[in-house]
K.L.:
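Structure below; questions to follow.
Chain identifiers are assigned alphabetically (A, B, ...) following the order of the sequence lines, protein sequences preceding nucleic acid strands; residue numbering begins at 1 within each chain. Computed over heavy atoms, backbone and side chain alike; hydrogens, waters and symmetry mates excluded. What you are looking at is a predicted structure, and each value in this text was computed from that prediction instead of being measured.
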Amino acid sequence: MLSVTRRLFLAGTAISLVTLPRIAVADAPKRGGVLRMSLDQAASVIHPMLARVNPEYLVTELLYSNLTRLKPDMTVEPDLALSWEPNETRTEWIFKLRPGVTFHDGSPLTSEDVVASINAILDPKTASPGRTNVGPIKEVAAIDPLTVKFTLSGAYADLPVALTYLNARIVPAKVIASDLASLSTTANGTGPFKLVSYEPDRKIVVERNAVYYDPARPYLDRVELLVYPDRTAEASAMMSGEIDLLLTTTPGEYERLVKAAGVKALRTPSGQFLNINLGCDQKPFNDVRVRQALALAVDREATVGFVAGGYGTPGNDTPLNSAYHFYKNIPMKKPDVAKAKQLLAEAGYPNGIDLTLIASDRPATRTQLGVAVREMAAAAGFHINVQTMPHATYLDQVWKKGNFYVGFYNMQPTADAIFNLLYTSNATWNETRWNNSAFDAVINAARVETDEAKRTALYAKAQEMMNAEVPTVISAFFDLLAAQRSYVEGYTLHPRGSVFRLDLVSLGAGAPKRG
Amino acid sequence: MIPALAVKNYTLDYATAAGPVRVLHDISLQIGPGEVLGLVGESGSGKSSLAWALMRHLPDNAREIAGSLHLGDIDLQRLSPRELTRIRGRRLGMVFQDPSTSLNPTLTIGRQVTETLIQHRGIKQREADVLAVDLLSHVELRDPAAIMRRYPHEISGGEKQRVIIATAFGCRPDIILFDEPTTALDVITGARILELFARLREETGVAALYISHDLALVTRVADRVAVLKHGRLVEQAPAAEIFRAPRHADTQALVQAVPRPERRLIHDKSSDEVLLAASDIEVHYGRATLLGHAPPPATKRIGLDVRAGEILGLVGESGSGKSSVARALTGLAHFSGKVRFDNREITDARDMNAAYRRDVQIIFQHPDSSLNPRQKVSEILSRPLKLYGGNTAEIPRLLEQVRLPTSFADRWPHQLSGGQKQRVAIARAFAARPKLVICDEITAPLDVSVQAQIIELLLALRAATGTAFLFITHDLNLIRQIAHRIAVMRRGEMVDLLPAEDFDAEHVHPYTRELMAASPVPVG
Amino acid sequence: MIELFVRLIRRPQGLVGVTLLALIAVACLFGQALAPYAPEKIDFLGRFRPPGWQNWLGADQFGRDILSRLMVGARSTVPMALIATFVGSAAGAIIGVGSAYLGGRTDEAIMRTNDAVMAIPGLLLALLLVSTLGNGAGNAVIAIAVAFAPGMARVTRSVALNVRNQDYVKAAIARGEGAAWIIFREMLPNVMAPIVIESTIRVSFAVMLFATLSFLGVGAQPPASEWGLMVADARQYMYQAPWGLIVPAAAIALTAIAFNLLGDGLRDALNPKDER
Amino acid sequence: MSLAWFARRLLLMVYTVIVVSMLVFAITQVLPADAAQSLLGENATPEMLAALRAKLGLGAPAWQQYLRWAGHVFTGDFGISMRTSQPVGPEMLSALSRSLLLAASSILVTLVVAVPLGVVAALRQGRLADTGVSLIAYLGVSLPEFVTATLLALLLADTLHWLPATGYVSPLEHFGDGISHLALPVLTISVILIAHVMRMMRSETLDVLKSDYIRAARLKGLPERSVLFRHALRNALLPVVTIIGLDVGYLLGGIIVIEEIFAIPGIGRALMVAIAARDLPSIQAGALIMAATYAVTNTLADMAYAVLDPRIRYD
């Protein structure tokens, strides 16, 4: 309870805390200018409820707003909602909307728009990926034009965090009523920028929304998003000054960018990780000793080197790392071939075991992990054949069905979100089919627990359980890497990987003039 | 007086991987102003090499060993490239063998005539145009102004050669080299070109070196004739004497080989028994397509009969349809009409049964393409033997029959000369013991001396086997020597079918008469 | 045969081509045995090791020895290209000779359809086919063979058409020979030489196409040491470790050059024009 | 170029497009992993998949889908992209326009470079210049595009900083930038084309120089300059025109790789993206447009040949 209220307090005063000090301490951000930013892949969807990848989240973040948004420290601050209050049992939440907000077409934002938007996301027909991620919402209702009430199906402390979910953008009710699909080609939001042109595989241009609810922001007149499918090419373009900011890059390019003049390389630890999913309901991984043996065969430090070029942190078979709240520092597993062999022998595989590890071709690091694990585990008796396949085929045939494959996940806003996404028995994507009721109980208890210390203890317990039973081998977390030209000001690399806040960005001295 | 052209003790080698090969031995000849010297020789005699040496256009591996070449007082061997450019065309013109390849296909006739005039006579384009029209009309081209605008493919071969002659004469050179200027043309067209040459020569008094393999033709255009054999000049004599009194043995052989209609090589009468009767034969190539009309038939309802043991000649110019008849009779082309053979009626290639195919054999024109390069002679000959129930042990006999050593059975076609290949082809045809052999221009690519041997061989085979021949040729003189009857074809139609001895008669078709007039009979 | 070989290596391009191919053949046959390291052995300390005494051609992002991968990879690159070319050429040759022999409207229909298929760029066709069949070296081989067949059919047909018009074929028809004899004994031996020459040159395209498919991620799959895949893998580290990129790229280029040279050399050696 | 000739060419083009459309459609029908799954990615639930599949009309029999699709294509409607929800036709055509710009520039560069080099090599046959040209040609045809592209970018963009590495700027929006961004991809494509055309030009020039009419021109006493330029060059260029027409097929294939590497939003990359996403309407439209482009340019090359060669003009 304490933590929640403190967060609420912080959230309520966020405007003054976030924006005022900037004005007071530093020079005021310079208004105007055109920012060119590169995307690593096409933003092929601009429908805010259907976006699935980071470039698309960036575009919809520019054009739309959520009720709440996630700060770099993973706490929430107000966006369209000025304040919020739960009832005692945290089964009902009242959100107060910011007054005087208008959509790009000039119509005012009301609670009807919020209700319609949330209902649209929850509607299976919309097929929004956000449907299962915005929290256990049972009903949403408008109390008055600026007040919305959320009724939940169970107690849930993290609703304000869940509402930062990347698909939970607010769109006009009238669009939802008439033609929701039109948002695939046009945009009408309350975001800091308005859509100028949209060519999915080439260039997306947005311009400053003059009636954004914060009159000071955004500082930029225009943002041009350019698609650069090739990382090397993108880094070269950054170094030659063709682009001002890039969304993400690889370790190899990062090393080049660090040395480049006029470029500021950006790096932030994140909870993004690669893992090897083990089907705990089938042979051979239904035997915990086989899972443990594999975990002991993997050299975690080396994995960080091989797949993240050293830009990351070793994982300890739990989805949390130091970027998360409630992270529990358990002594890192060391490779132990003898022990692994012994465990394997005890499990009935004295002569080793033949396995096929499936890796999708996107991103390429999946295959790299596969290749590295194959070689590292060979000494312990795991004879692994790495099989790669196109991402689409992988999603169709392997993902959630396979017994032994490489997974890849972005950081989630909360510990609860990541555990409930992947590892509880009723997780949205229960890939490992670990189905450990003790673990489930711990997570459920933590979910409603309000005491910070008790909650910390519960999550520590959960992490220890995963570390011991190894439903999945999580050996490396990635640092997020990006870069900007030195004259770009106000950009923060967000550990979530999918929050960008270009409304805070301005161009400082030395920025090129662009038409 | 300085001769227009003088060659003294000229010796030329070609350097090859196997060492130098001498192509010209110690050649000396002179051409006086206004004189025409005919240079005769078979293929490989070195006559073209001499022409290229004079034009200073020798291949890179040519080595001039000795001697000199003078054009008037100019030493041709000492000319710089720049001087050479001024001499060529201007002082030393040339007319080429094949007019269809000697004109640039992508430039208009006018352009190709005037560029030479502008280059050599120092005149402007406009004057050159006027002059060119003049020149073209002088070589008897109708509507020269229109011809000027045309491209080479839009005018006939004869017209092209006239254009080239007009160009050569247009720069008023001292001497013109004619390199077989009528060989690529039809007989009648060639004859007209010769007439033109005679007239222009009369008018301009230009000296000329006239190179040809055809002794009979050369004697009609040249004042003197020089005979080349294996790179040596064996005889030089006035044109009128060379046929009458050849002195050198090689010349005598050459003269002997020239076909003369009055010297008949067969003396028997043909039987009356009809072996093959063809009537209303129309040969079609290609069919109408969605967007194109069918080409017209290559022959128009031809009828002919071949009697047992007879030699039936079939003459005509290229495109007259004579080869189409051969193809129809051997089932190689679609035809309508009827063929009667051995009391069987045949209306289609499918009616030609094994017996027919055995009895009617064909020998093709090009020895290079008629033998499969991937089969040895023995295999080539064994095939008809196997097919028609013969015995491969007969191969040596077949080879002997065509006067080839039996050891040739082991050779590949590319190891044989043109004449030898043609003998193998003949042996292949006779392996079937046929009743009728169709010879489709089989001597056309051969030298006269080789031709004479092949003809002699065929006649000997006929005498031995009683086989009939359908002998297709464009050479009227040759066919009049050997045929019992001769059919004349023109543009798909048969205009005459006469006994050979009736050819001088009054009632022959005008075209036949024209053809006879155009076939050069040796002077003397 | 020996005579042909002598004629072939007497020309500079023939000699260079044959020498290069001999080297490649050694790598294909004995690469596994001769390689100094296991090609997939990873070495954390050896990541991006530049060429030197330890790794003669350097090491890649996993610390794997590039020379060893190159030598072993020859076997997953060159024979694949050869097989693809052989299958494609054989199929094309059958279509081409058959079409030429049948002639007429059948020939027209076959060749027009063939031309239409050729309108799909080879790489695109291969990409579509691999996407359908699934990524992998084997499927890439099939895709390349299919992509090659129409071109080969066209080449073969033009040669076969020429051969069909030769007098020795006409003689065989006039003689009453059967279709089988004419196709296999009269025609085929005479179209073989051009087909062999064309196929040899096409092997170089197959090498490149195969590498390209691997580069695009649909051909050979990691951890195979197929050369195109090696280039693709090394590309993201090309500034840290350019040798990882240049070495396999050079191997691809040299192989392609070798087959090009051999093809040109064969063409010259088989060309009767040069015989005196 | 009679009307019948033209009609026949046109008919062949139509036939080509029909065969290609059937082939491409057939291939897309058997692509594994369906578009709905690919579109929804990790978030797919069975209900969502079913809903989307119904929306995309993936259920009907293949021939019905083909006929419906072909009918729409005939009216210029290529459908809606499954991936971007944008109309496929305009998207692909604007991508094609960028690819054509790239292709046309490459052909231009190729001609400017390859023709003189090929002629020089032929004139200096067997000498140093010829050997040099031959070596370049061998190297050029033996380097896959992705290798050339990477090496050129490494050298010209990142080491020498002469050219921007990648990206696309429309020359209509900003001419200078547009051209400099095109330079590297054009260069890469040109390397192979230059090698090919140069070789062709060399051998054609050699052939033409050996021809009777060139000999005749020389023996007529024409200076070497006019023999070469007036008589030889044009005839040697003729087959090269056809070759370039055929090279467009290669070019369009090569463009897929080049566009992928240099981030040019052309039709090649559109296709790669579409294939990866199993975006059937885009694959079908892209492949069809590419093949049609090839058919059209081939026809154009034939027509150019007919214009350049008087022998064909009155056929």
K.L.:
Does any non-hydrogen side-chain atom of C/Asp264 lie less than 4.5 Å from one of D/Arg199?
P.N.:
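Yes - at least one pair of side-chain heavy atoms lies under 4.5 Å apart.
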K.L.:
For D/Ile27, is it the side chain, the backbone, both, or neither that has a heavy atom closer than 4.5 Å to a heavy atom of chain C?
P.N.:
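Looking at D/Ile27, backbone and side chain both touch chain C.
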K.L.:
C/Leu128, C/Val117, C/Leu125: which one forms the most heavy-atom pairs within less than 4.5 Å of chain D?
P.N.:
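Option with the top pair count is C/Leu128.
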K.L.:
Using a cut-off of 6.0 Å, state whether more than 12 heavy atoms not belonging to D/Arg124 lie near its atom CZ.
P.N.:
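No, not enclosed.
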K.L.:
I need the residue from D/Leu23, D/Val24, D/Thr150 with the largest number of non-hydrogen atom pairs under 4.5 Å to chain C.
P.N.:
D/Thr150
K.L.:
So, do D/Tyr138 and C/Val16 sit near enough that their side-chain heavy atoms are less than 4.5 Å apart?
P.N.:
no
K.L.:
Can you tell which part of D/Leu143 gets under 4.5 Å to a heavy atom of chain C, answering side chain, backbone, both or neither?
P.N.:
both
K.L.:
Side chain, backbone, both or neither: which part of D/Met13 has a heavy atom under 4.5 Å from chain C?
P.N.:
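Neither the backbone nor the side chain of D/Met13 comes within 4.5 Å of chain C.
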K.L.:
Applying side chain to side chain donor-acceptor pair (under 3.5 Å) as the test, list every pair that has at least one member in residues 108-119 of chain C; sequence neighbours left out.
P.N.:
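Every side chain to side chain donor-acceptor pair (under 3.5 Å) pair that includes a residue of residues 108-119 of chain C, provided the two are not neighbours, is C/Glu108-C/Arg112, C/Glu108-D/Arg8, C/Arg112-C/Asp115, C/Thr113-D/Tyr15, C/Asp115-C/Arg154.
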K.L.:
Side chain, backbone, both or neither: which part of D/Ile256 has an atom under 4.5 Å from a heavy atom of chain C?
P.N.:
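Side chain only.
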K.L.:
Heavy-atom pairs under 4.5 Å with chain D - which of C/Ile246, C/Thr255, C/Leu127 has more of them than the others?
P.N.:
C/Leu127
K.L.:
If you look only at distance, which donor and acceptor atoms sit under 3.5 Å apart when one is on a side chain in residues 206-219 of chain C and the other is two or more places apart or in another chain?
P.N.:
| residue | atom | partner | partner atom | Å |
| --- | --- | --- | --- | --- |
| C/Thr212 | OG1 | C/Met208 | O | 2.7 |
| C/Ser214 | OG | C/Phe210 | O | 3.2 |
| C/Ser214 | OG | C/Ala220 | N | 3.0 |
| C/Ser214 | OG | C/Glu226 | OE1 | 3.0 |

K.L.:
Measuring heavy-atom distances to chain C, does D/Leu139 have an atom under 4.5 Å in its side chain, in its backbone, in both, or in neither?
P.N.:
both
K.L.:
As an exercise: rank C/Leu261, C/Leu129, C/Leu245 by heavy-atom pairs under 4.5 Å with chain D and give me the winner.
P.N.:
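Between C/Leu261, C/Leu129, C/Leu245, the count favours C/Leu261.
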K.L.:
Is it the backbone or the side chain of C/Leu254 that comes under 4.5 Å from a heavy atom of chain D, or both, or neither?
P.N.:
neither
K.L.:
Side chain, backbone, both or neither: which part of D/Leu251 has a non-hydrogen atom closer than 4.5 Å to chain C?
P.N.:
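Answer is neither: D/Leu251 stays 4.5 Å or more from chain C.
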